[in-house]
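Written below as structure tokens is the structure these notes are about.
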Protein chains: 2
Amino acid sequence: MSQIVPIKSATLSEDIAQQLINAIVTGDIPQGSKISEPELAKRYGISRGPLREAIVKLEGLGLVTRTANVGARVIELNLADMLDTFTIREALEGMAARLAASHMPTTEVDSLYALLDKHQAFLDDNQDEHYAQQGGNDDFHLRIIQASGSQKLIRLLSHELYAVIRMYRHHTADQRSDPRQALREHKAILDAIANQEGDLAELLMRRHISRACRLLQQAMEQSTHSTQ
Amino acid sequence: MSQIVPIKSATLSEDIAQQLINAIVTGDIPQGSKISEPELAKRYGISRGPLREAIVKLEGLGLVTRTANVGARVIELNLADMLDTFTIREALEGMAARLAASHMPTTEVDSLYALLDKHQAFLDDNQDEHYAQQGGNDDFHLRIIQASGSQKLIRLLSHELYAVIRMYRHHTADQRSDPRQALREHKAILDAIANQEGDLAELLMRRHISRACRLLQQAMEQSTHSTQ
DNA sequence: TCAAGCTATATTGTCGACAATGTTTGTTTT
DNA sequence: AAAACAAACATTGTCGACAATATAGCTTGA
């Protein structure tokens, strides 16, 4: 439970915040565990000042909860919270798809089609399936979010929600996703965006996320205790 | 530009954060202005430690932006950002209405009908019209959000987004809202929720917010310079 | 033996001071 | 006179120490 790799940011506080985010998302700092300021300060070799600022930021990201005069704890993952998280994601990312349908330039549309073709090739070759399944999936989604042009959507989704979502993925060993089905859905969404059909794009994105949610739910119900 | 009323919270940091939120939302600390740590620390009679933690929290709420080694500034209100904000609100609060249609107990439905009746009475008597127009409006919306049962929706909307929305209201003098039309829309939304028609409730809520957004937009375009 | 209260310990919250970075002012040079 | 450099100043970032609160362990009493 370590990996104290300095990320060299402008300020110690940001640096530590990023390290803590990584540590929590990957499970390096386990869910539900207490955040001890003296311990972490010693581990990272900093004082408690910037560390506390980082913790306040984590609270804002919803990765830890704080109680006055008691301290911070990493959130605990459970089914209800996961469903809650994906409800938000469905609403926001559906809206992002709608906006992308109006805003996305044709060059970016083409670029995304190329990306999906690459995913298709990965699947056909069965080569590095995991990439297409995880990173590739996020890649597509993040670019749709970017294309929405909404600064607040970008921040809420890319920087805040996705931390928790990745945390759920990391903590759910078995990922019974169906990459080919996901890719089909991605293509349908992109088609709608290319045709500037905002309503349809939103609808398809919401269904797509809802389906991913159900898959994750099944995986979680399967391994109720293996996730601790 | 003062009002240093202690709010007596468990911790100085929370206290100051709440005071700063109020000060920014009401315009006591003007939009775009620099947040000087020494100045504020002296004004509130605290040290810079808890003040900085409060500022980090404000950054998380999107009320200030920070630059490393330079400091924090209050956000600047403008049309694009307002439209962006209401886009998020439309997506999230639409989802809240949908969930409320499934979750809201009949007792709460009745209670909300009573609330709307009270608003109706206020309007008919033309007595304290401003209350029904502002506080009452928020009252209704916040209770729908509560009824969604989603902790994350409640937090995102009630605690984060609404701060910025209130800021826009405070900074836009002329509020050409049509309280009677708003009330009609509220009733329609509540009807859909009472009938457990989630799709309809979401649709109506989104239209309702979209309309409020357009009204605010007109008011802002009117007084482009009076809002500074 | 268990519960309640007290004491000792550890952790969080706050403070003032120092270091590092940005900003402003004044000077010099072209 | 304008631009570039330098020094003085102010602000932010970080630190270690102290105060306040919570937790753990021990003692006492029923």
Side-chain angles (χ1 to χ4, degrees), chain A residues 1 4-21 23-24 28-76, chain B residues 1 4-21 23-24 28-76:
Chain A
M1 178 214 200
I4 313 173
V5 184
I7 302 184
K8 211 52 185 173
S9 180
T11 165
L12 255 183
S13 176
E14 294 175 25
D15 216 4
I16 292 302
Q18 199 54 54
Q19 298 220 32
L20 289 180
I21 291 172
I24 291 175
D28 225 12
I29 301 179
Q31 56 168 311
S33 66
K34 179 148 197 328
I35 300 284
S36 166
E37 295 180 8
E39 180 191 328
L40 284 181
K42 201 169 66 179
R43 165 131 43 116
Y44 290 104
I46 61 171
S47 89
R48 282 176 48 225
L51 174 61
R52 283 176 60 86
E53 293 180 12
I55 294 175
V56 172
K57 180 172 178 177
L58 292 203
E59 185 187 24
L61 294 178
L63 289 177
V64 307
T65 58
R66 292 204 317 158
T67 315
N69 293 314
V70 173
R73 301 196 84 91
V74 180
I75 58 168
E76 301 216 35
Chain B
M1 178 213 199
I4 313 172
V5 184
I7 303 184
K8 213 52 186 171
S9 178
T11 165
L12 254 183
S13 177
E14 296 175 24
D15 217 2
I16 292 302
Q18 198 54 54
Q19 299 221 32
L20 289 179
I21 291 172
I24 290 175
D28 225 13
I29 301 180
Q31 56 168 312
S33 67
K34 178 143 199 326
I35 301 285
S36 164
E37 294 180 8
E39 180 191 327
L40 284 181
K42 201 170 66 178
R43 163 131 44 119
Y44 290 105
I46 62 172
S47 88
R48 281 177 49 224
L51 174 61
R52 282 176 61 86
E53 293 181 12
I55 294 175
V56 172
K57 180 171 180 179
L58 291 204
E59 185 187 23
L61 294 178
L63 289 178
V64 307
T65 58
R66 292 204 317 158
T67 315
N69 293 314
V70 174
R73 299 196 85 91
V74 179
I75 58 167
E76 302 216 35

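In what follows, chains are A, B, ... by sequence order, proteins preceding strands, each numbered from 1. Keep in mind that the numbers below use all heavy atoms, side chains included, and drop hydrogens, waters and symmetry copies.
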Close side-chain approach of [X] to [Y], heavy-atom, < 4.5 Å:
{"X": "B:Tyr44", "Y": "B:Leu12", "result": "no"}
{"X": "A:Ile55", "Y": "A:Glu37", "result": "yes"}
{"X": "B:Arg66", "Y": "B:Val56", "result": "yes"}
{"X": "B:Leu51", "Y": "B:Leu20", "result": "yes"}
{"X": "A:Ile35", "Y": "A:Leu58", "result": "no"}

Close approaches to DNA chain D from residues 51-60 of chain B, in residue order (heavy atom, under 4.0 Å): B:Arg52

Touch class at under 4.0 angstrom, heavy-atom based, for A:Ile16 against every strand present: nothing

Return the value, rounded to whole Å, for the distance between atom [atom1] of [X] and atom [atom2] of [N].
{"X": "A:Glu14", "N": "C:dT21", "atom1": "CD", "atom2": "C1'", "result": "14 Å"}
{"X": "A:Arg73", "N": "C:dT11", "atom1": "CZ", "atom2": "P", "result": "13 Å"}
{"X": "B:Asn69", "N": "C:dA19", "atom1": "CG", "atom2": "P", "result": "17 Å"}
{"X": "A:Ile35", "N": "C:dT11", "atom1": "CD1", "atom2": "P", "result": "14 Å"}

Bounds of contact between DNA chain D and chain A, in 5' to 3' order, using a heavy-atom cut-off under 4.0 Å: D:dG13 to D:dT23

Donor-acceptor contact present, side-chain A:Arg73 to main-chain A:Gly32, <3.5 Å: yes

Trace of the side-chain contact (heavy atoms from CB on, under 4.5 Å) decision for B:Leu63 with B:Val74: CA-CA 6 Å; B:Leu63 289 178; B:Val74 179; over 6 Å; no

Closest-nucleotide 5' rank along DNA chain D - winner of A:Gly49 and B:Val70: B:Val70

5' priority, DNA chain D, between A:Gly45 and A:Ala68 [closest heavy atom]: A:Gly45

A:Lys34, NZ atom: more than 12 neighbouring heavy atoms under 6.0 Å: yes

